[in-house]
Amino acid sequence: MNKLIIFLSFLLIFIASEARSQYLVKSAVYWTAPVLSLTEARNLSLYSIIIVDEENLVNNPEALELIKKLNKNIKLICYSNPMELFNPAITIRQIQTALLQEITEKYSQWLLKNSTGEKTVFYKGMVMLNLSQDCPRVNGKNCVEYLAEKQLLILENPIWDGYFMDNGGGNIAWVNAKIDADNDGVADDSTSLDKAWSKGIYSFLSLIKNGMNKDRLLLANKGTIEFMDILDGRIFEKFPNDYLGGKKDFGWHKSMSNARQTGKYTIFTVESKDLMFGLASALLTDNVYIAVGQDNPTIHPEFKVDLGEPLESASKNDSCYFRLYQKGRVEVFPSTRRGKITISK
């Protein structure tokens with residue numbers, strides 16, 4: 001019986017290895033759930049990049065270790081959301097629970113509030129932290145410096161290949177018109193608030209970048225081109241994004257323009273119904289990875305397509321953007337959210 005179990009274990013590893021060899025496009029997974037099973041880990045090991053919630057390091061380190069064992073070339077990126085904490089605490093989120101308790105008891109000045117002293121809420125069931133440069137200092141440090149210290153302790157684990165910051169944009173006034181980041185009892189001017197918030201986010205990212213090993217990656221979301229002097233890539237969640245400054249074709253043109261400027265590890269996340277549209281759009285570039293949804297361990301046969309090397313840069317013909325590869329052609333029709341991949345016979 002023991003020999004059979006050992007044989008089956010090796011067989012599973014062999015099958016996973018064989019499947020990995022067929023993933024010929026740049027693929028990624030965006031995993032924000034605090035738990036990850038071994039079965040899900042095997043599927044995730046087929047991808048090129050995995051952004052995975054830091055809580056998995058506590059809850060199921062064996063799943064992370066299995067991913068790295070099955071795919072030595074994978075980039076395992078630590079996810080956290082320093083802007084928000086679940087409130088009330090969620091038992092399975094031990095890292096966040098500890099942060100919430102300590103901040104509530106010792107650093108309540110760091111909770112982001114409005115001019116009437118009420119806590120600012122973006123996502124229901126969470127409380128926001130003050131990442132602005134104007135955040136009050138307590139015991140010689142502000143919230144950004146405190147959070148960076150805590151994050152770097154987690155990033156000391158050699159399992160990680162980098163860090164991903166959720167809510168990594170440089171503005172915040174859109175959340176609430178009455179935010180009072182400097183705690184003076186007066187709602188901050190939106191322009192001044194966004195400027196101070198941008199400086200705070202940049203400071204956090206800089207502390208993480210400088211505190212990590214030099215070969216580790218630093219990623220963030222929102223498909224803007226800010227902070228690209230220290231970031232290695234950005235996530236465009238639910239690509240394309242019409243809030244980046246261009247509404248045409250659902251924001252596709254502005255998203256693509258930005259994506260060409262957001263580093264070697266840029267990621268488009270798309271819903272399942274837009275998989276081919278997102279994949280074809282990514283293949284028009286040289287630097288974009290594709291992910292489907294969130295917390296999705298599915299194996300996608302579309303990622304096994306063999307196009308060979310690109311023969312040219314992307315071109316346009318009427319309403320179609322296309323690119324020729326050694327073994328086929330990629331086409332995108334932005335106005336109808338369609339993508340097409342044709343393999344040469």
Side-chain angles (χ1 to χ4, degrees), residues 22-33 40 43-44 46-52 77 79 123 164 166-169 219-225 233-263 265-307 310 314-325 328-343:
Q22 298 178 54
Y23 272 65
L24 300 176
V25 301
K26 293 181 176 180
S27 57
V29 174
Y30 190 34
W31 193 271
T32 61
E40 291 167 333
N43 284 0
L44 266 57
L46 308 180
Y47 292 79
S48 307
I49 299 175
I50 303 176
I51 295 173
V52 61
I77 309 297
Y79 165 100
Y123 190 85
F164 172 85
D166 198 359
N167 292 303
L219 311 179
N221 63 351
K222 290 196 172 66
T224 62
I225 59 174
R234 279 192 171 276
I235 279 189
F236 290 65
E237 291 185 74
K238 296 184 179 180
F239 169 89
N241 308 125
D242 64 1
Y243 57 80
L244 297 174
K247 300 290 186 180
K248 184 180 179 182
D249 295 335
F250 318 100
W252 185 88
H253 302 275
K254 181 62 175 177
S255 296
M256 292 296 293
S257 175
N258 281 11
R260 292 185 174 93
Q261 304 174 67
T262 49
Y265 297 94
T266 292
I267 302 170
F268 291 166
T269 75
V270 297
E271 299 301 320
S272 296
K273 62 182 177 61
D274 286 327
L275 189 158
M276 190 55 67
F277 175 50
L279 175 57
S281 295
L283 287 168
L284 293 180
T285 76
D286 295 319
N287 63 306
V288 177
Y289 292 72
I290 185 70
V292 181
Q294 197 166 309
D295 306 334
N296 185 352
T298 303
I299 296 175
H300 297 284
E302 294 88 350
F303 295 167
K304 300 178 182 180
V305 62
D306 184 6
L307 286 167
S315 302
K316 181 184 179 184
N317 181 11
D318 295 326
S319 62
C320 173
Y321 289 78
F322 65 92
R323 191 179 194 187
L324 297 180
Y325 280 75
R329 175 185 170 101
V330 174
E331 296 176 305
V332 178
F333 304 86
S335 62
T336 55
R337 296 177 78 103
R338 288 191 301 119
K340 181 180 179 182
I341 298 176
T342 304
I343 302 298

Distance-only donor-acceptor pairs under 3.5 Å for side chains of residues 272-283, two or more places apart:
{"from": "Asp274", "atom 1": "OD2", "to": "Arg337", "atom 2": "NH2", "distance (Å)": "2.8"}
{"from": "Ser281", "atom 1": "OG", "to": "Trp252", "atom 2": "NE1", "distance (Å)": "3.0"}
{"from": "Ser281", "atom 1": "OG", "to": "Phe277", "atom 2": "O", "distance (Å)": "2.8"}

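- Contact record, His300 with Asn296: NE2-ND2, 4.0 Å, taken as the closest heavy-atom pair.
- Pairing each heavy atom of Leu244 with each of Ser255, the nearest pair is CD1-OG, 3.8 Å.
- Proximity of Glu40 to Trp31: side-chain heavy atoms (C-beta onward) are separated by under 4.5 Å at one or more points.
- A heavy-atom distance below 4.5 Å is found between the side chains of Arg234 and Thr224.
- Considering CZ of Phe268 and CG of Asn241, their distance stands at 8.5 Å, rounded to 0.5 Å.
- Under the side chain to side chain contact (heavy atoms under 4.5 Å, CB included) criterion, Ala28 pairs with Ile49, Ile267, Tyr289, Ala291, not counting sequence neighbours.
- Put simply, CG on Leu284 and CZ on Phe322 are 10.0 Å apart, with the number rounded to the nearest 0.5 Å.
- Partners of Glu331 under the salt bridge (charged side-chain N to carboxylate O under 4.0 Å, His left out) rule, at least two apart in sequence or in another chain, are Arg329.
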Quiz prompt | Steps toward side-chain contact (heavy atoms from CB on, under 4.5 Å) verdict (Val305, Val25) | solution = CA-CA 7 Å; Val305 62; Val25 301; 3.6 Å; yes
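- Contact between Val288 and Ala259 at its shortest, heavy atoms only, is CG2-CB, 4.2 Å.
- Atoms OG and CZ, on Ser319 and Arg338 in that order, are 8.0 Å from each other to the nearest 0.5 Å.
- For the pair Cys320 and Phe333, the tightest heavy-atom approach, listed with the atom from each and the gap, is CB-CE2, 3.5 Å.
- Expressed to the nearest 0.5 Å, how far CD1 of Ile343 lies from OH of Tyr325 amounts to 10.5 Å.
- Under the side-chain hydrogen bond (donor to acceptor under 3.5 Å, both in side chains) criterion, Asp242 pairs with no residue at all, not counting sequence neighbours.
- For the side chain to side chain contact (heavy atoms under 4.5 Å, CB included) criterion with Tyr30, the lone passing option out of Asp295, Asp166, Ile77 is Asp166.
- Here the closest heavy-atom approach between residue Pro240 and residue Gly251 is recorded as CB-C, 4.0 Å.
- Partners of Thr269 under the side-chain hydrogen bond (donor to acceptor under 3.5 Å, both in side chains) rule, at least two apart in sequence or in another chain, do not exist in this structure.
- Between Val292 and Phe303 the shortest side-chain heavy-atom distance falls below 4.5 Å.
- Shown here are the salt bridge (charged side-chain N to carboxylate O under 4.0 Å, His left out) partners of Asp286, two or more places apart in sequence or in another chain: Arg323.
- Of all heavy-atom pairs spanning Asn287 and Lys26, the tightest one is CA-NZ, 4.0 Å.
- From Leu46, atom CG reaches atom CD1 of Ile299 across 4.5 Å, with rounding to the nearest 0.5 Å.
- Within 6.0 Å of OH in Tyr123 there are 12 or fewer heavy atoms belonging to other residues, nucleotides or ligands.
- Rounding to the nearest 0.5 angstrom, the gap separating the OG1 atom in Thr262 from the CZ atom in Phe236 is 4.0 Å.
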